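Predicted model, so just to flag it, every value in this text is computed and none were measured. Convention: sequence-line order gives letters A, B, ...; per-chain numbering from 1.
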Amino acid sequence: MSSADIYREIILDYYRNPRNYGKIDNPDISKRDSNPLCGDELEMHINLKDNKVSDVKFTGKGCAISQASASMLTELIMGKDFEYVKKLTKEDILENLGLPDLGPARIKCALLSLKVLKYGIYSYLSEKLNDVTSADKIKEEASGLF
Amino acid sequence: MSSADIYREIILDYYRNPRNYGKIDNPDISKRDSNPLCGDELEMHINLKDNKVSDVKFTGKGCAISQASASMLTELIMGKDFEYVKKLTKEDILENLGLPDLGPARIKCALLSLKVLKYGIYSYLSEKLNDVTSADKIKEEASGLF
Amino acid sequence: MQASTINIENIRRDFPILQRKVHNNKPLVYFDNAATTQKPIQVIDSIHNYYLNYNSNIHRAVHQLAEEATAAYELTRDKVAKFINVNREELIFVRGTTEAINLIAYSWGRQNVQKGDIVVTTEYEHHSNIVPWQLLTKEKEAKLEYIGVDDNGELILDQLDDYLNTGRVKLVTVSHMSNVLGTITNAEEIIRRCHKKGVKVLVDAAQSVPHIKVDVQKLDCDFFAFSAHKMLGPTGVGVLWARKEILENMQPFNAGGDMIREVHKYNTTWNDLPYKFEAGTPNIADVIGFSAALDYLENIGMDKVREHEIELTKYALEKMSVIKGIKLYGTPDMNKRGGVISFNLGDIHPHDLATIIDEDGVAIRSGHHCAQVLMERLDVSATSRASFYIYNTKEEVDVFIRSLNRARELFRI
Amino acid sequence: MQASTINIENIRRDFPILQRKVHNNKPLVYFDNAATTQKPIQVIDSIHNYYLNYNSNIHRAVHQLAEEATAAYELTRDKVAKFINVNREELIFVRGTTEAINLIAYSWGRQNVQKGDIVVTTEYEHHSNIVPWQLLTKEKEAKLEYIGVDDNGELILDQLDDYLNTGRVKLVTVSHMSNVLGTITNAEEIIRRCHKKGVKVLVDAAQSVPHIKVDVQKLDCDFFAFSAHKMLGPTGVGVLWARKEILENMQPFNAGGDMIREVHKYNTTWNDLPYKFEAGTPNIADVIGFSAALDYLENIGMDKVREHEIELTKYALEKMSVIKGIKLYGTPDMNKRGGVISFNLGDIHPHDLATIIDEDGVAIRSGHHCAQVLMERLDVSATSRASFYIYNTKEEVDVFIRSLNRARELFRI
Ligand SMILES: Cc1ncc(COP(=O)(O)O)c(C=O)c1O
Ligand SMILES: Cc1ncc(COP(=O)(O)O)c(C=O)c1O
């Protein structure tokens with residue numbers, strides 16, 4: 001993808017005016033991670049109600065791709081069934097971003113938010129729900145992202 | 001030098017029937033060293049009387065060159081002035097051995113005996129005679145051999 | 001074409017990779033030299049020649065290949081010794097600066113740093129000169145302290161005095177040139193102050209030896225480390241120098257073949273310097289290849305290298321400073337900086353910037369540059385960094401500038 | 001010409017050094033393969049090609065060269081993983097077997113071996129698998145014990161049981177093939193007995209992986225180490241494998257760039273596996289070159305490699321055994337030995353022998369082979385050692401035998 005394709009108006013807008021930026025007090029799910037290669041940081045907070053995402057926020061520092069990706073991800077999952085959220089794939093994220101063909105150097109930026117989300121769900125499942133089997137599965141998926 | 005030149009009758013004879021092989025009880029000078037590259041070992045014992053070498057013996061394990069060199073060196077210094085012994089050079093040893101043109105891989109074998117001798121004199125000068133200046137000079141020489 | 005003091009056309013011909021085209025046939029503009037430099041054909045061929053003609057393990061065999069390989073390996077040691085003006089027996093080949101610093105931390109550090117002692121580093125160090133000391137001071141219940149960086153990107157030496165006055169400092173460890181700001185450390189002054197108090201100094205020369213003439217005896221430090229791959233040499237080779245008295249009293253680091261004198265079941269004695277610190281089969285081919293890199297730099301002359309970089313950096317700083325929205329880090333005083341320029345352009349994240357200008361063939365680095373402590377100090381998460389070497393030209397700077405402006409437009413700044 | 005199962009003429013054409021003449025125009029007969037092997041042109045060209053076309057530092061930059069170099073470097077990890085059948089995230093690139101073992105001793109050893117514990121090694125280990133454990137057990141006031149070697153050159157496994165029965169053993173560390181005797185260790189049996197008692201096992205595979213097919217998962221050991229330069233690869237590259245659970249609980253060894261997640265002034269977190277254990281710029285070019293070596297061996301097939309070496313070793317042992325005054329070490333059972341032959345000829349010291357036959361172009365190793373403990377066990381100060389690889393021929397063995405006889409005559413034996 002050429003950079004003109006990547007840095008479209010919408011990505012820049014989400015980068016500069018991130019939706020759902022902030023924190024939640026005592027969230028059900030809370031996770032922070034960083035990309036050791038580039039230093040990008042991301043923290044995500046989620047509340048669940050009736051097995052749906054009732055609130056979601058993120059904070060972070062990083063490139064336009066990682067921040068726009070995080071912000072768009074929060075919009076994507078807001079109000080959705082928890083089952084749906086658990087099943088999100090790499091392809092879902094890239095499509096949601098409108099960047100299906102990112103090269104290997106930058107795809108990690110786009111996927112950091114999904115990684116944080118999956119690790120957050122892992123902690124939630126294992127620590128709060130004691131559902132070790134599902135937790136391990138999602139941890140596997142998270143570590144396989146990059 | 002070709003190996004036919006190196007392994008002359010006389011070297012083999014000194015290798016198989018080393019002169020002055022053995023130990024001295026309570027020698028004035030006593031030193032053991034080994035060549036870390038090949039594992040050759042050598043120990044040398046010397047007695048001095050009236051500033052002359054009154055007795056010298058060696059023991060060791062190693063190749064024909066190192067053992068013949070050690071044995072020939074003992075013969076060379078027996079009865080000699082200590083001053084003469086202190087001044088022996090690399091060239092003296094190689095000439096005494098009849099191997100002036102040894103290559104870099106084997107010259108260390110020929111010089112191990114001189115190295116042990118010089119380190120022995122160093123210990124003697126510094127510990128027994130308290131002659132630090134001469135001792136340091138000879139230590140320099142020893143460590144410069146290889 | 002170039003007003004440069006070195007014949008840059010000739011030099012560029014020696015670097016085949018500079019003929020390479022990237023992305024849609026753009027000529028490569030390689031400005032990532034602080035990360036690793038390109039290699040002249042002389043270095044590449046020297047490695048090739050080693051494997052084609054005299055590859056062998058070294059030091060212990062008597063056959064001809066082993067003799068030739070050993071001689072060539074040890075010749076590099078002689079050349080390095082001459083290059084930085086030290087004795088060959090004090091020179092230890094390692095993988096790189098990182099391993100050199102870890103060797104000191106493990107061996108000298110664990111013997112000499114005790115509970116309550118202080119190790120002083122600086123806010124502009126590379127992670128390689130921070131994390132080993134974090135591990136050591138944690139193990140020993142000692143303290144790690146930082147000399148701060150002022151707004152010009154220079155060390156605040158008054159803070160050094162404060163630490164020294166505690167009387168608990170065992171080591172001051174400082175990079176000779178910042179890999180982010182390009183600041184050239186006043187190492188002589190630091191060493192003078194430390195030695196007055198009997199404190200040892202380690203100089204991380206990863207960014208200095210490749211770019212400025214360094215005489216280690218004159219510098220008078222105690223430990224000195226750098227990497228071959230940042231000065232035209234192969235990857236996998238670094239150099240540690242330390243004073244003989246220190247090395248003699250240090251325990252070995254890695255143990256194994258070559259570093260021993262005699263091994264018995266329950267006790268072992270060590271080989272002479274420098275071999276005591278080179279355990280196992282070393283990186284023979286690349287140490288030999290490093291010789292050619294040293295020859296190449298000596299041939300040009302380190303003064304000329306420095307002059308060329310000053311000229312190029314001045315030119316680039318001038319052109320960059322007028323770009324709208326740019327923020328340049330580090331001192332404007334060329335006497336105090338090398339050919340490394342860190343910057344940020346508007347709110348474009350450095351990764352995004354690097355991606356955009358990569359399309360124009362320009363290779364720069366973006367991120368924290370293994371200097372997260374400095375990033376915190378500068379209050380940024382990352383910077384972009386262009387860094388120059390002997391084969392770079394003003395024309396390449398022009399391409400770079402044009403590309404920065406394209407990025408600016410893309411981000412509507 | 002050769003009854004060999006591999007096409008040796010084709011193979012020899014890939015190794016340019018085999019065309020070399022030494023001393024007075026004698027063709028090189030290279031029998032020093034246990035020290036280091038020669039490299040096929042595919043490996044040599046792969047390194048050349050890296051420097052000519054895509055040299056760059058890896059992992060952190062986004063420009064095109066960095067992307068290409070990173071991909072090639074990580075591809076080697078995939079290939080190694082496949083070659084020994086493990087997961088890529090458990091594979092750490094180091095300088096060689098020596099560094100791999102030291103890494104385990106420093107990191108895992110210092111965390112897990114306590115006062116009074118026992119580390120068990122064997123009498124036929126290389127210094128690299130003895131001295132690190134001497135240092136560790138001394139520091140920890142633990143004990144180092146040795147499994148003895150019988151007159152056939154095999155380990156006396158009853159002694160292992162005695163040690164295990166003490167209940168104090170933390171680690172058994174054993175070479176998979178002796179670099180002096182060529183004995184192939186019954187590692188499966190050792191691992192079985194150790195795991196029954198919950199004891200970890202390190203396998204030094206420096207001499208096995210290059211010569212026999214090894215499936216690490218089947219072997220079921222806990223740590224596994226080998227060197228690229230002994231299997232057609234470049235110098236300066238080695239591999240450490242360990243189980244994920246173990247690596248995850250291990251402290252880092254060297255600290256610096258690339259192995260961190262976040263560095264703050266007073267605390268730092270680690271990168272994921274395997275990067276947590278790869279600090280600083282690695283030996284990029286040579287790791288990439290190692291890929292070509294693995295391809296080369298896979299192409300021939302490790303079973304074929306083994307067959308060829310058995311045939312050659314059998315042939316050499318037959319011819320050598322009738323030389324007057326010769327003493328051969330190790331087992332005559334070819335199922336239990338690799339292509340390494342240690343011997344002594346009359347009272348000719350191995351160094352003298354090596355010098356003499358070097359004149360005929362034959363490169364063998366002489367000395368203690370970094371196995372002084374074994375030399376004491378065999379009650380010799382040194383042995384001569386001929387060791388074979390895929391490019392060696394029976395004709396070369398004939399040259400070697402003639403040369404041994406010339407040495408015998410020169411020494412009047
Ligand atoms: C100042 C400084 N120190 C240390 C290092 C580490 O060097 P290496 O990665 O070669 O070990 C670098 C380069 O990355 C550096 O710039
Ligand atoms: C059995 C064994 N272990 C360890 C080593 C050390 O390997 P390296 O020198 O590549 O570190 C060797 C080779 O020298 C060896 O033969």
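Classified by interplanar angle (parallel below 30°, tilted 30° to 60°, perpendicular above 60°), the ring pair D:Tyr106/C:Phe253 is tilted.
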- Query: Can you check side-chain contact (heavy atoms from CB on, under 4.5 Å) on D:Arg20 and C:Leu65, steps first, answer last?
  - Reply: CA-CA 10 Å; D:Arg20 200 187 143 169; C:Leu65 298 186; 3.5 Å; yes
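Proximity of a side-chain donor or acceptor of D:Gln64 to a complementary backbone N or O of C:His23 within less than 3.5 Å is detected.
Screening D:Ile17, D:Ile47, D:Ile41, D:Val43 against C:Tyr51 for a side chain to side chain contact (heavy atoms under 4.5 Å, CB included) leaves a single residue, D:Ile47. Each of D:Lys138, D:Gln134, D:Gln372 was checked for a side chain to side chain donor-acceptor pair (under 3.5 Å) with C:Thr268, and the lone residue meeting it is D:Gln134.
Options C:Gly280, C:Gly238, C:Ala105, C:Ser227 differ in how many heavy-atom pairs under 4.5 Å they form with chain D, and the most are formed by C:Gly280. When each of C:Leu18, C:Thr36, C:Ile44, C:Val62 is checked for heavy-atom pairs under 4.5 Å with chain D, C:Ile44 comes out on top. The greatest number of non-hydrogen atom pairs below 4.5 Å with chain D, out of C:Asn254, C:Val131, C:Ile357, is found for C:Asn254.
Listed by chain and number, the residues in a side chain to side chain donor-acceptor pair (under 3.5 Å) with D:His63 are C:Asp32 (sequence neighbours excluded).
In this structure, CG in D:Leu28 is found 15.0 Å from OH in C:Tyr54, a value given to the nearest 0.5 Å.
Between C:Pro132 and D:Ala255, the closest heavy-atom pair is CG-O, 3.5 Å.
Looking only at side-chain heavy atoms (C-beta outward), D:Gln251 and C:Glu139 stay at 4.5 Å or farther from each other. The shortest distance between side-chain heavy atoms of D:Asn57 and C:Arg365 falls below 4.5 Å. The shortest distance between side-chain heavy atoms of C:Arg95 and D:Thr281 does not fall below 4.5 Å.
If you measure heavy-atom distances from D:Arg110 to chain C, the contacts under 4.5 Å come from the side chain alone. Residue C:Glu67 does not touch chain D at all, counting heavy-atom pairs closer than 4.5 Å.
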